[in-house]
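All remarks here apply to the structure that follows.
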Amino acid sequence: MGFQEEIHKREAAWQKKWQEAKLYESTPDDRKKFFCTFPYPYVNGLPHVGHLFSIMRTEAFARYKRAQGYNVLFPQGWHATGSPIATAALRVKEKEEKQIKILKDLSVPDDEIPNFAKPEHWIEYFVPRYKKDLASVGMCIDWRREFHTTSLNPQYDAFIRWQFLTLKEKGYVKQGEHPVVWCPKENMPVGDHDRLSGEGETSKEFIWGKFRLKDSDLILMAGTTRPDAFLGQVSLWVDPTATYKIVQVKDEKWVVGEPAIQKIKDQYTENVEEIGEIHANELIGKWVQGPVVDYELYIIPAKFIDANVGSGIVYSALEDPIDLLEMQTMQQDPDGIKELGLDVDLVMKMKPKNIIDVPSMGPNLGEEIMKEFDITSYEQRKKVEDAKGELNRRVFRKGVMNKTCGKYSGMPVPEAQEAIIEDVLAAGDGAMFWEMTGKVVCRCQTESIIKVVADQWFMAYDDKEWTKLAHECLANMKLYPEKVRPQFEYVLDWLKEWACTREYGLGTRLPWDDSWLIESLSDSTIYMAYYTIAHKIKDMPVDELTQEFFDYVFLGKGNAPSERAEEFRKEFLYWYPMDFRNSGKDLIQNHLSFSIFNHCGIFPKEHWPQSFGANGWVTVNGQKMSKSLGNIIPVRQLVTEYGADATRMTILNGGEGLDDPNWDSNFARGMGGKLQLLIEHAKTFKDAAGGETPVDAWLVSKTNELVQKTTDAMELTNFRTALQVAFFEFNQVVKWYLSRTEPNGTLLRDVLAKQLVMVTAFIPHTAEEAWNELGMDGFVSSADWPEAGAVDEKLDVAENMIRHIADTLKKKNAKKASLVLAEDWKRDVYAKFDIHVEKTRNPGELLQLLAPDFPDKSEELQRLVKFLVKGRTPGHIPTAEEEKEWISSAKDYFEKLGVTVEIAEGTNGLPGRPGIAV
RNA sequence: GCGGGGUUGCCGGAGUGGUCAAACGGGAUCGGCUCAAAACCGAUUGGCUUCAUGCCUACGCAGGUUCGAACCCUGCACCCCGCACCA
């Protein structure tokens with residue numbers, strides 16, 4: 001345990017030194033700047049290993065850019081907008097056990113729990129702890145700029161009001177209607193987390209068609225999810241046992257099932273008056289005119305119709321297996337039809353109208369699918385449902401409206417559906433309604449309904465011009481990794497209107513209608529701009545934070561309203577645009593895309609975001625994180641158990657790109673000792689004497705190679721690769737050098753210093769410690785990134801040769817060995833091979849090309865070519881003299897291995913790979 | 001269904017036409033150090049043998065292109081993520 005304590009002490013000490021030196025407090029100067037951010041976390045808990053990865057990617061990039069000479073700004077704020085904190089506080093107030101347990105699990109002391117009944121206490125409690133946890137990992141954050149959202153922070157509140165007024169002015173905020181899952185008892189929307197059951201259920205769009213009763217002013221309403229099937233309507237079905245209601249809706253008289261009345265009130269208009277009723281019997285046998293088609297329908301009864309579902313009336317296209325079965329049953333009993341007082345002839349003639357072609361299916365879709373599913377009776381409920389589902393899928397995916405469909409002919413079904421809805425609504429022949437996709441029960445035990453909120457505010461993300469700007473912005477952005485670009489392209493087009501206001505929760509009031517709160521994904525899109533002034537705005541009186549003030553600071557509009565405004569403007573202009581923002585890949589389709597839209601909507605081009613990074617979801621020891629597995633490890637636990645540097649290194653080594661990174665506890669455990677190696681190196685190298693050696697040039701070349709590789713990886717935020725190279729590969733190179741020769745102290749110090757700068761982004765505390773031990777000035781956190789010099793491939797060939805010889809000698813446990821160098825003609829073959837191989841890789845052809853130059857050697861040449869064609873030519877073909885020189889310069893090394901080496905005559909040597917005889 | 005990403009050795013994971021039996025890390029086995037263990041160091045870690053300038057088998061499955069494929073093309077199977085008003 002002593003070891004652990006020592007590490008904690010060391011890490012805390014360096015953190016304190018950084019803080020005292022104000023190392024991460026970023027202020028504009030004349031350097032080039034780099035501004036990077038991580039989305040502010042929602043403060044209803046503490047950071048865990050999942051958050052850690054995304055923020056560490058930001059942090060490591062910040063440190064890299066710092067080393068590259070940028071003035072780096074990495075701020076961090078906190079998000080409290082929305083309903084989770086508000087509802088959780090309510091639950092604490094109601095002393096709900098589940099909620100109290102959640103707080104206990106976050107190690108909140110029992111006597112503090114009642115305080116959490118106030119929403120603001122969540123911020124007061126979790127913000128400082130969240131901050132402490134991030135700081136304990138050694139984050140290079142400018143904490144002066146932290147802030148939290150909502151009206152609890154009046155300055156931020158003013159900023160968000162400015163944002164929305166600006167957007168509204170540009171026409172990007174619109175009002176419209178919107179269906180939400182709603183609790184009729186509590187009178188508020190029921191979010192996924194407010195449900196006893198029905199998580200994931202949502203609303204589904206229906207269209208109700210108006211079927212006008214002949215010689216009457218009554219309109220029978222029948223709903224469908226398949227408006228395309230309006231074209232195939234054959235009859236109208238009613239529940240023969242039901243008494244339908246007649247309601248006055250605006251200036252029309254609708255006939256619907258009783259429960260539908262409430263639905264009309266919730267979703268269509270409050271102005272609904274029940275003016276009478278009519279029994280199904282009075283409808284059966286009459287005629288109606290439905291939407292889209294030019295013929296009338298006969299009203300007939302069907303026992304599967306339930307007046308309590310939907311509108312209570314159904315039109316039939318006889319394509320649906322259920323409809324078809326019902327019709328067939330009826331047609332088998334002509335007497336029954338007669339008894340109902342219906343025209344037997346008419347009913348017997350009813351058959352499906354074919355309106356859709358589905359490739360690989362015949363014209364009669366319903367019958368065919370029933371045959372396929374082997375359905376003979378309506379009793380086979382499950383099969384019938386499956387068949388219906390399958391048919392709907394096929395129709396939607398592959399169906400095309402056939403030639404009977406007039407203007408819709410040739411349209412794929414989804415397109416036709418949209419066109420038909422549009423036409424039906426335009427003609428006044430229908431109305432939109434919504435149904436639940438499944439049953440939802442609110443926490444208060446009440447079953448939820450769909451309510452259409454009439455005056456909802458939306459972000460107009462479907463606006464064509466705006467979308468175009470967003471695409472332009474994206475086209476100029478760097479993405480890490482680039483392969484997320486198609487996803488972004490898709491999302492920008494896919495985004496429709498976004499409901500940006502809520503009736504409940506924490507947040508900023510909509511400036512022009514304070515009955516609404518701005519929703520949490522909408523108040524977090526351009527706040528990175530706020531970071532640039534966050535530390536200065538804290539003491540500003542809110543009444544000075546006017547529209548003009550922000551207009552000047554962020555847009556440079558008009559004249560500076562005050563000196564402060566001028567000061568703020570300067571700071572904003574220095575830091576903006578934002579250069580890098582990293583988050584989990586799940587935010588691509590909302591937050592990151594919203595951020596693009598909002599920047600484009602408000603700021604001029606030069607202030608649009610420059611790059612986004614997206615990463616996968618953290619797994620823990622190979623398993624998905626989940627509450628039930630209990631493997632969501634808090635950051636504080638990781639730091640306590642493994643130390644900050646081992647934690648940082650483990651998480652960044654977990655993965656890169658879009659792969660799901662893995663937290664590997666074994667790796668973390670093992671890192672402690674591995675990190676110590678750098679400090680040991682620093683201690684030994686500090687006073688190492690030793691002059692120049694023959695291996696120095698190789699070490700220099702190799703260092704250059706590794707610097708280049710690390711730089712390339714860092715540039716792409718491929719931190720795992722960078723870590724592998726800068727830490728593990730580098731250590732191996734140094735190790736080889738140390739075992740290979742009496743080291744050159746000066747060179748070693750130089751090489752280690754370079755390595756330390758490169759690993760600082762991963763293990764800053766260890767790097768500082770080693771930097772200090774090595775006797776270097778200042779902080780390694782402020783040191784310059786190394787330049788990559790020239791790489792000499794020849795030196796690698798030489799060292800590989802020595803290593804190959806040494807490995808063989810060790811394996812054979814040799815005391816004395818003869819090395820057989822390749823004959824010159826073989827070197828000649830190698831050289832000529834390299835030339836010919838540009839033309840062909842065919843062994844036969846190569847042999848023909850080479851053979852004339854090497855008569856008498858045909859058999860050996862064949863073997864050589866066969867060997868070489870597999871690609872084993874060294875990058876540099878050494879001469880015999882070079883090889884001799886290399887071997888003699890490694891003489892000490894071979895002696896250290898206890899082997900005497902001499903050069904001998906023979907025929908089994910290859911260039912760069914002498915034959916070895918023990 | 002739509003959109004995106006994947007499938008490599010005991011494991012994690014590099015590798016995107018020849019230098020690949022496959023980086024790096026982990027694990028395992030053997031050896032060193034030690035009274036012993038941890039740490040640390042060395043070796044081995046697809047199979048066969050002639051231990052090699054060798055052969056065979058292998059990078060989800062099946063075909064194809066090529067002198068040559070883990071890598072390119074076609075088809076298939078399987079896995080993961082997102083699909084909205086929710087942070």
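Chain letters run A, B, ... following the sequence lines, proteins first and then strands; every chain starts at 1.
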Distance in angstrom units between [X] [atom1] and [N] [atom2], rounded:
{"X": "A:Asn590", "N": "B:C83", "atom1": "CG", "atom2": "P", "value": "8 Å"}
{"X": "A:Asn718", "N": "B:A23", "atom1": "CG", "atom2": "P", "value": "20 Å"}
{"X": "A:Tyr490", "N": "B:A84", "atom1": "OH", "atom2": "C1'", "value": "12 Å"}
{"X": "A:Arg740", "N": "B:G42", "atom1": "CZ", "atom2": "C1'", "value": "19 Å"}
{"X": "A:Phe833", "N": "B:U53", "atom1": "CZ", "atom2": "P", "value": "17 Å"}
{"X": "A:Leu492", "N": "B:C83", "atom1": "CG", "atom2": "C1'", "value": "15 Å"}
{"X": "A:Asn731", "N": "B:G25", "atom1": "CG", "atom2": "P", "value": "9 Å"}
{"X": "A:Ile518", "N": "B:A87", "atom1": "CD1", "atom2": "P", "value": "14 Å"}

Paired nucleotide for [N] [Watson-Crick or G-U wobble; both distances under 3.5 Å]:
{"N": "B:G60", "result": "B:C76"}
{"N": "B:U29", "result": "B:A43"}
{"N": "B:A36", "result": "none"}

Original post:
Checking A:Gln589 side chain against A:Asp586 main chain: does a donor-acceptor pair fall under 3.5 Å?
Top reply: yes

Original post:
So, A:Thr710 side chain and A:Leu706 main chain: donor-acceptor pair closer than 3.5 Å or not?
Top reply: yes

Subject >> Residue mapping more 5' on RNA chain B - nearest nucleotide basis, A:Cys500 or A:Glu729 >> reply: A:Glu729

**OP:** Using heavy atoms to find the nearest nucleotide of RNA chain B for A:Trp494 and A:Leu521 separately, return the residue whose nucleotide is more 5′.
**Re:** A:Trp494

**OP:** Have a look at A:Tyr461 and tell me which of A:Trp498, A:Tyr172, A:Phe597 forms a ring-ring contact (aromatic ring centres under 6.0 Å, His included) with it.
**Re:** A:Phe597

How is [X] classified with respect to the nucleic acid when contacts are heavy atoms under 4.0 Å: base, sugar-phosphate, or nothing?
{"X": "A:Gln589", "value": "sugar-phosphate"}
{"X": "A:Thr81", "value": "sugar-phosphate"}
{"X": "A:Lys674", "value": "sugar-phosphate"}
{"X": "A:Asp586", "value": "nothing"}

**OP:** Decide whether A:Thr81 and A:Glu519 meet the rule of one side-chain donor and one side-chain acceptor closer than 3.5 Å.
**Re:** no

Would you say a side-chain N or O of [X] is under 4.0 Å from OP1 or OP2 of [N]?
{"X": "A:Gln732", "N": "B:G25", "answer": "yes"}
{"X": "A:Lys585", "N": "B:G3", "answer": "no"}
{"X": "A:Lys735", "N": "B:G42", "answer": "yes"}

Original post:
A:Lys496 has a side chain; which of B:U53, B:A84, B:C24 sits nearest to it?
Top reply: B:A84

Subject >> Rounded C1' spacing from B:A39 to B:C55 in Å >> reply: 42 Å

Original post:
Can you check side-chain hydrogen bond (donor to acceptor under 3.5 Å, both in side chains) on A:His471 and A:Asp493, steps first, answer last?
Top reply: CA-CA 9 Å; A:His471 276 290; A:Asp493 288 328; 2.8 Å; yes

**OP:** Answer yes or no: are there more than 12 heavy-atom neighbours, outside A:Trp78 itself, under 6.0 Å from its atom CH2?
**Re:** yes

